[in-house]
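Because the structure is predicted, anything quoted here is derived from the model rather than measured.
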Amino acid sequence: MTSADFQSIALDGRPAVDERLLDGLNPRQREAVLYRGRSLLIVAGAGSGKTSVLTRRIASLLASGEASPLQILAITFTNKAANEMRERVQHLVGRGADSRSDTGMWISTFHSACVRILRRQAEQIGLKAGFTIYDSADSRALIKRIVKELDADTLNLTPGIVAGKISKQKNELIDVETYARNVNTDDPAEVAFLEIYRRYTAGLRRANALDFDDLIAETVHLFRAFPEVAALYQRRFRHVLVDEYQDTNHAQYALIRELTRPIKPQHVPEDTRMAVDASGGLPGASLTVVGDSDQSIYAFRGADIRNIVEFERDYPETKTVLLEQNYRSTQNILDAANAVISNNFDRLEKNLFTTVGSGHPIIGYTGYSGHDEAQFVADEISALHTAGTPYREIAVFYRTNSQTRPLEDVFIRSGLPYKIIGGTKFYERAEIKDAMAYLIQVANPADDLALRRILNTPKRGIGPATEAALQAHADKMGVPLRDALGDAGQLDLGPKVTRAILDLAELLDEAEAMHVAGGKAADILLALLAGSGLLDALRATRDPQDEARVENVEELVSVTKEHAKNNPDAGLLEFLTEVALVAATDEIEDESGTISLMTLHTAKGLEYDAVFLTGVEEDLLPHRMSSGEPGGLAEERRLFYVGITRAKKRLFLSLSMTRSSFGDTSVAMPSRYLQEIPPGLIDWRQSPGDATSRGGTRPRALNARGYAGGAARGFSYSTEALPPAPPRVKREWASEITGKVRDNGDLTLEAGDRIRHTDFGDGKVVAVTGQGTKSIAEVQFETAGKKRLLIKIAPIEKL
DNA sequence: CCGTGTTCTCTTTTT
DNA sequence: GAGAACACGG
């Protein structure tokens, strides 16, 4: 591109772009595709077609010749989003957009992009290219060792707290030395934390390893310490685009900042064909960020909502485009979403609208137990499926992973095909981590953590005492543990143990030779499995679970083979990198005919015809843990908002009167956020009021529309779609939310007992099911018919 | 050193 | 209610 081209585009801001690229876009979206300038902020409400805008923007840059694929860097939140974007761009421009090869554009996550940069530039920051990426469990293990060494958990420094604190420092780009300079030496806890942080950092260094947060932070440090390295990437990436910008943390923000800095004249090569400015330097790359502060749900991970709210301040010449038209959901769903989110103050005013019409009402249901709630979900899914909704278009969301259990129980019993996205992942299974540890140790012999994991797996008689002896020897020689294995003969250990250690050393050496010679992950893994006897040991036991473990390890072998097939050039390192960075959503297969179960967090960015949002209860949504933190309740509300806006046609909100956690069950109350939805939008199959005081099966017509509650709370929403409010009717369950739930204590009933209910009068207990607080009595009333009542909280007395 | 049985923590969300 | 950490006996 010549200087003249650049100028003309910058001035009139309207490049000549093939009309077909703009097909079907509304004026705002067109503007977002076509604007040319230093920086662009696209505030994209949920479902406003931002992926479409982003892909067309990239395609238009390529099609008009303003950019070559090489000059594009697009950052997404997940690998799945990256793949999808790459495919769509490819489809639009009709040519290769392969980010894997260095000739293509980079469309990847923050973490993948940084690993690519760091593997190339590893020496500069004192690492070897084969560095290990520690996942949270690995970091936790290392921290745990250190905490134990220092006996630090005595003063509230548990591994979990320390891990969170270290992560926080790194996300704020505060390294150990910076932290040390500002530490309050009078506070023993802070001093202890500093020492842990120091040893943790040293431990990672020694192991030639980086944790998740390091991937970003170290790249920023690299760019700041070596301007000529930064210039390499600044010259290359002339167009930087960031998706889900609201969830970037400070380190990620700094990374973008470094990448888009103007390039100083001394870093501009003589022969550049790019447009230099008056001083001989190059202007910074153009930056496009897309985000929605209403969907910021990762503050706990350091995401800084200010990054988007204050974007215009940080990049003063920024153009802002607001996308409010929603192409995903029905008006009913959007009304609910708008009403909920409008309770958050301090936000960019935004109101989603659609032209598709109001659609179905939102369906609500209150179960007696988590199991009962799950049964409702399963029944409705069966009905939807019968009516023609494919399973893959149905999703069930929940706040915490522990809520999956009753859902799984019922789904299995109902024969519904489902897949849990995230949760206990394949790669977190012990046997997989064992096999992976062999591979990691081969790729990175300095990784003591990986070696310790496999030292005695499978059992070869190397216990804690032997490990300590090896470690002592390694420390004395100042070498990694791995190098100590070869010296086992000098350590005065038993002949059997010595033999075992030397065998292991030999096996690892052989595998390392394969790796150095460019061997494939699959071949190396097979050699390691055969040589170590890991599979044989699992096959030999009588533990029935080991059968599944064998299958899992075999599955891992297929994964390595599959990886080699898809990436012919990839070796062991590429395989390990990919595994380390897989995200929950990457597991979703679009073709599969299964229902997707996932947390609200992993639901972000996805959409389904029918969405079930379960566990809409106090202490769950908002989660109990969130109420203590500043902004916690607002973030939980955004989480609820994200969940609602995933639904295209049907939305189901459900909760339960009781919830079991920790083994025993407790009474749950409806979420405060339910009150924020205009009551007329929800058709309660069984409202919280029905479930507590009326025993269920209340005629639906009474619940359907027109309760006056809610409006009093002062939120604004379009009333046009609703019928006029009838004269004030008793608010069905408002008081139940803030007021106390009735509690019958240890009242126990059994079949044959006679009871009196405040609404239904006298009746006889037919049967009692469930345990403890969950027990339900089936009662035949003299006048009201048969009802199911939750014994602990129903308004009843024993006669 | 290994297996078994017991107690104790733990659940927020994740790249 | 599960998984990890610890204690104890072989």
Side-chain angles (χ1 to χ4, degrees), chain A residues 75-82 108-115 133-137 139-141 144 148 153 158-160 163-164 167 170-171 210-217 244 247-249 251-252 296-303 397-405 421-425 427-430 455-456 458-467 493-494 496-497 500 541-543 545 577 579-586 598-604 615 619-629 632 635-636 638-640 642-643 659-665 771:
Chain A
I75 303 284
T76 59
F77 205 67
T78 64
N79 295 306
K80 182 177 191 281
S108 70
T109 63
F110 270 107
H111 295 267
S112 306
C114 287
V115 172
I133 301 164
Y134 276 11
D135 66 19
S136 351
S139 310
R140 194 68 71 91
K144 206 165 176 181
K148 213 168 184 178
D153 52 357
T158 65
S167 174
K170 292 187 175 183
N171 287 333
L210 296 175
D211 65 21
F212 276 137
D213 301 316
D214 283 333
L215 296 178
I216 316 289
E244 306 284 11
D247 285 321
T248 52
N249 58 38
Q252 291 166 329
S296 166
I297 54 174
Y298 282 102
F300 73 92
R301 200 168 81 183
F397 301 154
Y398 36 82
R399 177 67 234 270
T400 67
N401 283 305
S402 62
Q403 287 168 251
T404 51
R405 191 182 306 196
I421 314 297
T424 322
K425 279 178 264 165
Y427 292 102
E428 284 167 10
R429 292 171 180 280
L455 208 50
N456 200 29
K459 302 262 183 288
R460 35 172 88 86
I462 306 175
T466 312
E467 184 191 316
L493 300 162
K496 231 174 135 187
V497 179
T541 67
R542 281 172 309 150
D543 187 342
Q545 287 197 312
T577 301
V579 169
L581 299 178
V582 286
T585 35
D586 298 339
M598 69 191 84
T599 65
L600 283 165
H601 282 89
T602 76
K604 192 182 61 150
D619 287 350
L620 215 45
L621 188 68
H623 196 276
R624 185 187 288 117
M625 295 295 145
S626 69
S627 54
E629 294 152 34
E635 174 143 326
E636 296 286 306
R638 290 193 292 272
L639 204 45
F640 188 41
V642 165
R659 185 67 61 185
S660 38
S661 65
F662 273 127
D664 53 15
T665 62
Q771 303 268 309

inquiry  = Run A:Y398 and A:T599 through side chain to side chain contact (heavy atoms under 4.5 Å, CB included) and show every step you take.
reply    = CA-CA 5 Å; A:Y398 36 82; A:T599 65; 3.8 Å; yes
request  = I would like to know whether A:T76 and A:T109 meet side chain to side chain contact (heavy atoms under 4.5 Å, CB included); could you show each step before the answer?
outcome  = CA-CA 5 Å; A:T76 59; A:T109 63; 4.3 Å; yes
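- Within the 4.0 angstrom heavy-atom criterion, no nucleotide atom of any strand lies near A:D213.
- For A:F300 and A:H623, the ring centers sit 6.0 Å or farther from each other.
- Taking atom CG on A:D135 and atom C1' on B:dT14, their separation rounds to 11 Å, with Å as the unit.
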key: A:F212 vs A:L581, side chain to side chain contact (heavy atoms under 4.5 Å, CB included): CA-CA, chis, key distance, verdict   = CA-CA 9 Å; A:F212 276 137; A:L581 299 178; 3.8 Å; yes
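- To the nearest angstrom, P of B:dT15 lies 10 Å from NZ of A:K604.
- Contact annotation: A:T466 reaches the phosphate of B:dC1 (side-chain N/O to OP1 or OP2, under 4.0 Å).
- The main-chain N or O of A:G461 is found under 3.5 Å from a side-chain atom of A:N456 such that the two form a donor-acceptor pair.
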inquiry  = For nucleotides 4-10 of chain C, give me one character per nucleotide, 5' to 3': B if any protein heavy atom sits under 4.0 Å from the base, S if the only such contacts are to the sugar-phosphate, - if neither.
reply    = SSS----
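- DNA chain B is contacted by both A:T109 and A:V497; A:V497 maps to the nucleotide lying nearer its 5′ end (nearest heavy atom per residue).
- Rounded to an integer number of Å, the gap from CD of A:Q403 to P of C:dG1 is 17 Å.
- Straight-line distance from the CD1 atom of A:I421 to the P atom of B:dT14: 12 Å, rounded to whole Å.
- B:dT14 atom P lies 15 Å from atom CD of A:E244, rounded to whole Å.
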Measure all distances between protein nitrogen or oxygen atoms and nitrogen or oxygen atoms of nucleotides 11-13 of chain B, and list the pairs falling under 3.5 Å.
from: B:dT11; atom 1: O2; to: A:S402; atom 2: OG; distance (Å): 3.2
from: B:dT12; atom 1: O4'; to: A:H623; atom 2: NE2; distance (Å): 3.4
from: B:dT12; atom 1: O2; to: A:R399; atom 2: NH1; distance (Å): 2.8
from: B:dT12; atom 1: O2; to: A:R399; atom 2: NH2; distance (Å): 2.3
from: B:dT12; atom 1: O4; to: A:E629; atom 2: OE2; distance (Å): 2.9
from: B:dT13; atom 1: OP1; to: A:N401; atom 2: N; distance (Å): 2.9
from: B:dT13; atom 1: OP1; to: A:N401; atom 2: ND2; distance (Å): 3.3
from: B:dT13; atom 1: O4'; to: A:R399; atom 2: NH2; distance (Å): 3.3
from: B:dT13; atom 1: O2; to: A:R399; atom 2: NH2; distance (Å): 2.5
from: B:dT13; atom 1: O2; to: A:H601; atom 2: NE2; distance (Å): 3.3

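- Using modelled atom types, no side-chain atom of A:R399 and backbone atom of A:L621 make a donor-acceptor pair closer than 3.5 Å.
- Rounded to whole angstrom, the span from the CG atom of A:N456 across to the C1' atom of B:dC1 amounts to 9 Å.
- Between the P atom of B:dC2 and the CD1 atom of A:I462 lies a distance of 9 Å, rounded to the nearest Å.
- Distance check: A:H111 NE2 to A:F77 CZ gives 8.0 Å after rounding to the nearest 0.5 Å.
- Look at CZ on A:R429: it is 15 Å from P on C:dA2, rounded to the nearest Å.
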Criterion side chain to side chain contact (heavy atoms under 4.5 Å, CB included) on A:V642 and A:L600, from CA distance to verdict = CA-CA 7 Å; A:V642 165; A:L600 283 165; 5.9 Å; no
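- A:K604 has a carboxylate O that lies under 4.0 Å from a charged side-chain N of A:D247, or vice versa, which qualifies the two as a salt bridge.
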